[in-house]
Amino acid sequence: LTLAIFVRTTDRMNGQLVRSLLRGSQLSTRALSTSAQLRSEAALDQAARDRIHPKLGNRDVVGWGFNGTASYVDREEYPMPAVRFKENTPDVMALREKEKGDWKTLTVDEKKSLYRASFCQTFAEMKAPSGEWKSVLAAIITALAISGWTIIFMKKFVYSEMPHTITRQWQEDQMNRMLAQGQGRIEGVASRYNYETGKWK
């Protein structure tokens with residue numbers, strides 16, 4: 001039984017590894033194409049498509065994506081989203097028909113329109129700094145400021161005065177009293193004090 005489970009698990013892992021390698025071989029495709037590839041072998045089965053597709057409008061489901069659901073997410077490690085970014089409008093469909101011909105007849109704006117119909121962001125836009133660190137830093141500074149003012153408020157209005165026994169003078173007087181009484185002559189305070197010289201050993 002254990003051997004059968006091990007073999008089944010190994011086969012499943014090998015299959016996942018092969019699928020990952022095959023998807024990895026497609027990474028450069030997006031950089032060379034203006035449209036997401038419509039791959040029949042990566043398409044959802046009919047039951048899943050009927051369940052998910054009404055939420056997508058008339059956008060094409062073109063692949064696996066990054067988790068197998070028909071959703072659009074821009075991620076560098078999964079450059080081929082499961083669905084196209086925009087719906088199939090008449091203008092986009094006309095450009096897709098024109099795309100099947102000679103690309104020299106396409107203008108730069110038409111190529112950009114085709115790309116934007118399938119993808120929301122370019123790789124340069126995904127990698128561009130977002131400035132999110134500013135809001136994170138502001139939140140951290142605000143939290144520290146609130147904490148500091150809370151501590152000041154608590155010390156000034158909530159906590160009582162510090163007891164007189166915590167002052168340096170009281171501690172010195174207490175030590176002198178213990179020495180005068182000879183407390184701890186064997187292992188305590190008095191054992192570390194030389195009574196003849198009046199200094200600590």
Side-chain angles (χ1 to χ4, degrees), residues 1-140:
L1 178 62
T2 304
L3 181 60
I5 294 173
F6 175 76
V7 170
R8 191 179 309 121
T9 304
T10 305
D11 290 342
R12 188 180 306 124
M13 290 173 60
N14 288 338
Q16 290 174 348
L17 181 61
V18 170
R19 283 193 296 274
S20 298
L21 291 174
L22 290 175
R23 281 198 297 269
S25 67
Q26 302 294 326
L27 289 180
S28 61
T29 307
R30 175 171 174 175
L32 303 174
S33 174
T34 57
S35 300
Q37 293 181 327
L38 183 60
R39 297 169 58 87
S40 59
E41 66 271 18
L44 300 172
D45 61 356
Q46 191 60 42
R49 187 179 178 87
D50 291 342
R51 178 171 52 86
I52 299 173
H53 193 66
K55 300 177 184 178
L56 303 176
N58 66 347
R59 290 187 292 170
D60 293 330
V61 179
V62 293
W64 175 260
F66 75 96
N67 63 357
T69 60
S71 59
Y72 184 92
V73 180
D74 278 319
R75 295 178 60 169
E76 292 180 48
E77 63 271 29
Y78 294 97
M80 304 299 288
V83 296
R84 297 188 195 278
F85 178 62
K86 292 184 178 178
E87 294 188 1
N88 294 326
T89 62
D91 294 338
V92 172
M93 296 307 293
L95 283 176
R96 290 217 180 106
E97 286 299 320
K98 189 175 180 181
E99 180 188 28
K100 294 177 182 177
D102 189 0
W103 275 29
K104 293 179 182 178
T105 61
L106 292 171
T107 65
V108 174
D109 288 336
E110 288 175 336
K111 292 176 183 178
K112 289 180 179 180
S113 298
L114 278 169
Y115 184 89
R116 294 296 182 179
S118 293
F119 306 108
C120 178
Q121 293 180 311
T122 63
F123 279 100
E125 291 170 344
M126 281 189 275
K127 294 178 180 179
S130 64
E132 185 181 2
W133 66 270
K134 297 176 185 177
S135 60
V136 173
L137 181 61
I140 292 173

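A quick note: this is a predicted structure, and the numbers were derived from the prediction, not measured.
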### Within 6.0 Å of CD in Glu125, more than 12 heavy atoms from elsewhere
yes

### Task
Verify side-chain contact (heavy atoms from CB on, under 4.5 Å) between Arg59 and Tyr72, making sure each step is shown before the conclusion.
CA-CA 10 Å; Arg59 290 187 292 170; Tyr72 184 92; 4.2 Å; yes

### Summary
Nearest heavy-atom approach of Glu76 to Met126 is N-SD, 4.1 Å

### Message
With heavy-atom distances below 4.5 Å as the criterion, would you say the side chains of Phe85 and Ser118 are in contact?
### Response
no

## Note on the structure
dist Arg84:CZ -> Asp60:CG (nearest 0.5 Å) comes out at 4.5 Å

### Query
Quick check: does any side chain N or O of Glu97 sit under 3.5 Å from a backbone N or O of Ala94, one acting as donor and the other as acceptor?
no

#### Entry: Worked verdict on Tyr115 versus Thr122 for side-chain contact (heavy atoms from CB on, under 4.5 Å)
CA-CA 9 Å; Tyr115 184 89; Thr122 63; 3.7 Å; yes

### Task
Determine whether Ser113 and Val92 make a side-chain contact, defined as any pair of heavy atoms from C-beta on separated by less than 4.5 Å.
no

## Note on the structure
Between Val73 and Pro81, the two heavy atoms sitting closest are O-CG, 4.0 Å

### For the student: nearest non-hydrogen atoms of Cys120 and Asp74, plus distance
CB-OD2, 3.2 Å

### Query
Could Glu99 and Lys104 be called an ion pair, given the rule that one side-chain N must be under 4.0 Å from one carboxylate O?
no

### Task
Would you check, one step at a time, whether the test side-chain contact (heavy atoms from CB on, under 4.5 Å) holds for Asn88 with Arg96?
CA-CA 10 Å; Asn88 294 326; Arg96 290 217 180 106; 2.8 Å; yes

### Query
Where do Pro79 and Phe123 come nearest, in terms of heavy atoms and distance?
CB-CZ, 3.5 Å

#### Entry: Gap separating the CG atom of Leu95 from the OG1 atom of Thr89, nearest 0.5 angstrom
8.0 Å

